[in-house]
Protein chains: 2
Amino acid sequence: MAKQTAGASHRAAPVHTDPEDVSVLTALSALADPVRIRLIRELADSAVWTRSCGSFDVPVGKAALSHHFSVLRGAGLVEQRDEGPKRVNRLRREEFDARFPGLLDLVLRADDVE
Amino acid sequence: MAKQTAGASHRAAPVHTDPEDVSVLTALSALADPVRIRLIRELADSAVWTRSCGSFDVPVGKAALSHHFSVLRGAGLVEQRDEGPKRVNRLRREEFDARFPGLLDLVLRADDVE
DNA sequence: CCGAGTGTTCGATGAATATCTTACAGTCCG
DNA sequence: CGGACTGTAAGATATTCATCGAACACTCGG
């Protein structure tokens, strides 16, 4: 067998937005949600490309979860890649931080969600 | 006549929240609104205690405006004081920046609102 | 080729909230 | 005191958006 990172997905590739093209308003709106904050925090605590969408501990169904990831992609916060039947994620730390310095750190550092 | 900064208002004093008591989620939610971003930016460009609530160039009625200032107070972003019939404002730069370093700068520095 | 697993899409629902209109409560000036 | 001005409060409306359930699409392993 050759590849296990199956590069030949026939599925619709997820639509990504470059952080450079994201407005402050979009970025803040994406981060102003408790579920998405949890996703980002868990993602930050995991190795890159190791977390599939369904592997997060959030109290919502998979439809809502799919929606949240769509918002995060649209804000340039998350990158996704198909790996077999799963869709694995990566937090775009450097790229997002270059566009909005300190913003991601604020969300990750805070100990409260309230 | 003694004082022109009339400290004896018989009106209900505005309720303020210390930035230290504000959660990240509350802060982000308060900032994730185009009208409130404009208010904050105009406020940042003006001298302290010079802008009354009605003096801002935003496309909403005064009732909605009053609501927005209430949200900004609740997020520890704005301080208000009664001065005669007017209510003048101050951006709590240092205090808010101590709680959320860099966040206010991001909103003020960005050239887009989209 | 079937079945389990994973994620998206669609339509509907419900909650949060931004807004307006109207009414009211103060402050100041004549 | 009465009227102009400033802002708040309350109620109604509308829009946005988070959520769910169900149906669908794709991948992989028997």
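Convention: sequence-line order gives letters A, B, ...; per-chain numbering from 1. Bear in mind that the values here come from a model prediction, so they are computed numbers and not experimental data.
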Next item on the list: Would you please confirm or rule out a distance under 4.0 Å between OP1 or OP2 of D:dG7 and any side-chain N or O of B:Ser52?
Entry: yes
Next item on the list: Could you state the atom-to-atom distance from CZ of B:Phe69 to P of D:dT6 in whole Å?
Entry: 14 Å
Notebook entry, point to check: Quick one: is B:Arg11 getting a side-chain N or O under 4.0 Å of the D:dG7 phosphate, OP1 or OP2?
Noted result: no
Checklist line | Separation of C:dT8 C1' from A:Asp82 CG (nearest whole Å) | finding: 11 Å
Notebook entry, point to check: Separation of A:His67 atom NE2 from D:dA18 atom P, in whole Å?
Noted result: 4 Å
Item checked: From D:dT8, C:dT8, C:dT19, nucleotide with atom closest to B:Ala64 side chain -> C:dT19
Next item on the list: Using atom NE2 of B:His68 as one end and atom P of D:dG7 as the other, report the distance to the nearest whole Å.
Entry: 15 Å
Checklist line | Ionic contact status for B:Asp105 with B:Arg109, cut-off 4.0 Å | finding: yes
Next item on the list: From the options D:dT27, D:dT6, D:dA9, select the nucleotide whose nearest atom is closest to the side chain of A:Pro85.
Entry: D:dT27
Item checked: Separation of atom CG in B:Asp33 from atom P in D:dT16, rounded to whole Å -> 13 Å
Margin query: Checking the side chain of B:Asp97 only, and the main-chain atoms of B:Leu103 only, is there a donor and an acceptor separated by less than 3.5 Å?
Written below: no
Check: Whole-Å distance between C:dG7 P and A:Glu83 CD?
Finding: 11 Å
Next item on the list: Starting from the C-alpha separation in whole Å, work towards a yes-or-no answer on side chain to side chain contact (heavy atoms under 4.5 Å, CB included) for A:His16 and A:Gln80.
Entry: CA-CA 8 Å; A:His16 289 110; A:Gln80 296 184 315; 4.0 Å; yes
Checklist line | Options D:dC28, D:dT19, D:dT6, nucleotide nearest the side-chain atoms of A:Val60 | finding: D:dT19
Checklist line | Ring-face cation of B:Arg51 near B:Phe56 (centre distance under 6.0 Å, axis angle within 45°) | finding: yes
Notebook entry, point to check: Starting at NZ of B:Lys86 and ending at P of C:dC29, how long is that distance when rounded to a whole Å?
Noted result: 11 Å
Check: When the nearest nucleotide of DNA chain C is assigned to B:Gly61 and to B:Ala12 on a heavy-atom basis, which residue is associated with the more 5' position?
Finding: B:Gly61
Notebook entry, point to check: Nearest to the side chain of A:Ser66 - D:dA9, C:dT9, D:dT8?
Noted result: C:dT9
Margin query: Strictly below 4.0 Å: does A:Arg87 bring a side-chain N or O up to OP1 or OP2 of D:dT27?
Written below: no
Check: Is the side chain of A:Arg92 donor-acceptor paired with the backbone N or O of A:Pro19 at a distance under 3.5 Å, no angle test?
Finding: no
Check: For A:Leu65 and D:dG21, what is the distance between atoms CG and C1' respectively, to the nearest whole Å?
Finding: 16 Å
